[in-house]
Amino acid sequence: MSSKHKFKNKDTVQTEMPFAIVEGKPYTQMPTDLYIPPEALEVILEAFEGPLDLLLYLIRRQNLNILDIPITEITNQYIEYINLLDELDFELAAEYLVMAAMLAEIKSRMLLPKPASEEGEEDDPRAELVRRLQEYERFKSAALDIDEMPREYRDYVVTSAYVDNKQSYIAPPEVDMRDIIMAFKEVLARADLKISHEIERETLSVRDKMTHLLDTLRDKKFFTFESLFDPSEGKQGIVVTFLAVLELLKSQVLDIVQNETYGQIYIKSLAIEDEVDDNAQPA
Amino acid sequence: MEIKQIKNIIEAALLAAGEPVTVKRLLSLFVEQELTHNDIAKAIELLSEDFQGRGIELVEVANGFRLQTKTILQPWISKLWEEKPKKYTRALLETIALIAYRQPVTRGEIEDVRGVAVSSYIIRTLMDREWIRVLGYRDVPGKPAMFGTTKEFLDYFNMKSLQDLPTLAEIKDIETIMPELDLGPKSDENEKAFQNQFKNNNEEE
Amino acid sequence: MEIKQIKNIIEAALLAAGEPVTVKRLLSLFVEQELTHNDIAKAIELLSEDFQGRGIELVEVANGFRLQTKTILQPWISKLWEEKPKKYTRALLETIALIAYRQPVTRGEIEDVRGVAVSSYIIRTLMDREWIRVLGYRDVPGKPAMFGTTKEFLDYFNMKSLQDLPTLAEIKDIETIMPELDLGPKSDENEKAFQNQFKNNNEEE
């Protein structure tokens, strides 16, 4: 499989170059083919995966060696790009602006006399940028390679044949309540819920009641408020039911109507019913 | 186009479709080759003969043609699913836990807490197992279903009501409780002991 | 038991399962016949040869053996469905490439290489597809999740192991070309070890 893989020769990408650029020769104006009308920029931007991608494009476009970037020219072109970009999408421009700042910094450092480091060696300010560009480029090409790997439904389909009565062979996994509790504990920890006190015994009975209420309310349109309460559940039960009603109101699945002051209060479920949930009814 | 090639394509198509395929649909695969009904019929006949000595066979059912495993091999095939059933994924356990504790809850709300998407597969599995059901649909854009647990869910875990679920305070203590528990293969006894642990804990509060 | 019968059962079983099946699971079908690993391997080899002139082929992926349609027939098979297979964005492909080659890797590390933020949507999509999973959390401030690829990722791209990934381009040796540069730590040890893993692959080319 891997033998099928081939490297893209980076230099062959540049065939559409309309003019030659001699390294080191300063040029006075932007190449005309680099101009992008602002209205087309949005489309162009989607073609770039970020500042590194854009930089790579500019370098390749001029057939330059990545290891010897002429910072000045590249910076100029780059800034030209983001000037256009800035007009359109400030947030997106931000990531590009950071890169512009980095380019400017490299440029200024190259202009200054090179300070010898403690070991007496000189640092090329471009080194870090070159490293990042190379690093990005190898994953950019790895992404293309992965895109070419055989892929289900594009290049092959996993086959299957019909088996009579297959369902009866498959026993569902056994589950331990501890597993569920541990899962819940973990998901809570992950979500970092600050409302730890919310899930307590009472709240659960409220949740339980909420489910019951929705069940009751699915039958008719309007229920009188009182009919939702069952006196046999005692004071505690009535409070729980009341809390459940409030909770459902809060999550906007109940509608509450009172036509006159001190008049009858009616409750209606706003939950929508359809045929699907008949299947979901427990046996 | 050679008949052998047509046969191969039909074989691959029937096995890829995962459902019965009509002659008309098979014919549509060959639009560029301009095959006729007859070509397909001929290829199907030959293909059917090819399968004589093999593990699968070609049958025609109401909705078209399909390939199925031979009944005579059923004693072996059925063993495929005999081995210990797979365990549920963490994603599924988290989902059922959130539905139990937060019902009525929509898929979006579960996703908000979990931080990742809940796959349809998980919902379907829980539905198939009759552990969850749709309580209704929330009247917001998209009309998301609100899920809740079923009586079957409570029965499976030996609970009378959702109130038998451990409270958060108890869950927090679970590390101190767990080591005392026999974590070996679950039996009803263990389960009960576990439940009782929570009961006692509860009463102390 | 005749080898032909074993072959037939394996063919039927692979098609019945509709997913990769390990040799171990295949072996479990023949408990009563007391077959060995070797018998299964032999039958798989012969079965694989049988498929040469046919529409489907036997491949080994991370999760075991499976039968799939031949790539060469895809122009016809894809006509079975109206919708075209989804194309993945470069952002998603670059992200999965970084996770595949650099695992375990955090989101921050991916962003460092790509130079742009990795959207939550991409991570979610990859998680939902079960191509990546959280391997753990790095013990640095913020406890970022470390991602790695799954067997399902390998299966999807028809790979048996990570070694089947295309060779990662090597960083040009800057030290040689520009010896005056002090580049500092260019890549860590893991990277080197990883590269060596792929050396063998490389030599085939």
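The basis for the numbers below is simple: all heavy atoms, side chains too, and nothing from hydrogens, waters or symmetry mates. Reminder, nothing fancy here: chain letters follow the sequence lines and each chain counts from 1.
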CG of C:Leu92 to CZ of C:Arg129, rounded to nearest 0.5 Å, is 9.0 Å
Identify which part of B:Gln68 has an atom lying under 4.5 Å from any heavy atom of chain C, answering side chain, backbone, both or neither.
neither
Answer yes or no: is there an ion pair linking B:Lys42 with B:Glu2, defined by an N-O contact shorter than 4.0 Å?
no
What part of B:Ile9 gets closer than 4.5 Å to chain C, counting heavy atoms only: side chain, backbone, both or neither?
both
Quick check: closest heavy atoms across C:Leu29 and B:Leu80, and the distance to 0.1 Å?
CD2-N, 3.4 Å
Does a side-chain N-to-carboxylate-O contact under 4.0 Å join C:Glu94 and C:Arg114?
yes
Atom group of B:Arg25 that falls short of 4.5 Å from chain C, counting heavy atoms
side chain
Name the member of C:Lys79, C:Arg54, C:Glu130 that forms the most heavy-atom pairs with chain B at distances under 4.5 Å.
C:Arg54
Given the options B:Pro75, B:Ala91, B:Ser28, B:Ala16, which has more heavy-atom pairs under 4.5 Å with chain C than any of the others?
B:Ala16
Inspect the contact between C:Glu45 and C:Lys7 and indicate whether a charged nitrogen and a carboxylate oxygen are less than 4.0 angstrom apart.
no
Tell me, out of C:Arg124, C:Glu32, C:Lys4, who's got the most heavy-atom pairs with chain B below 4.5 Å.
C:Arg124
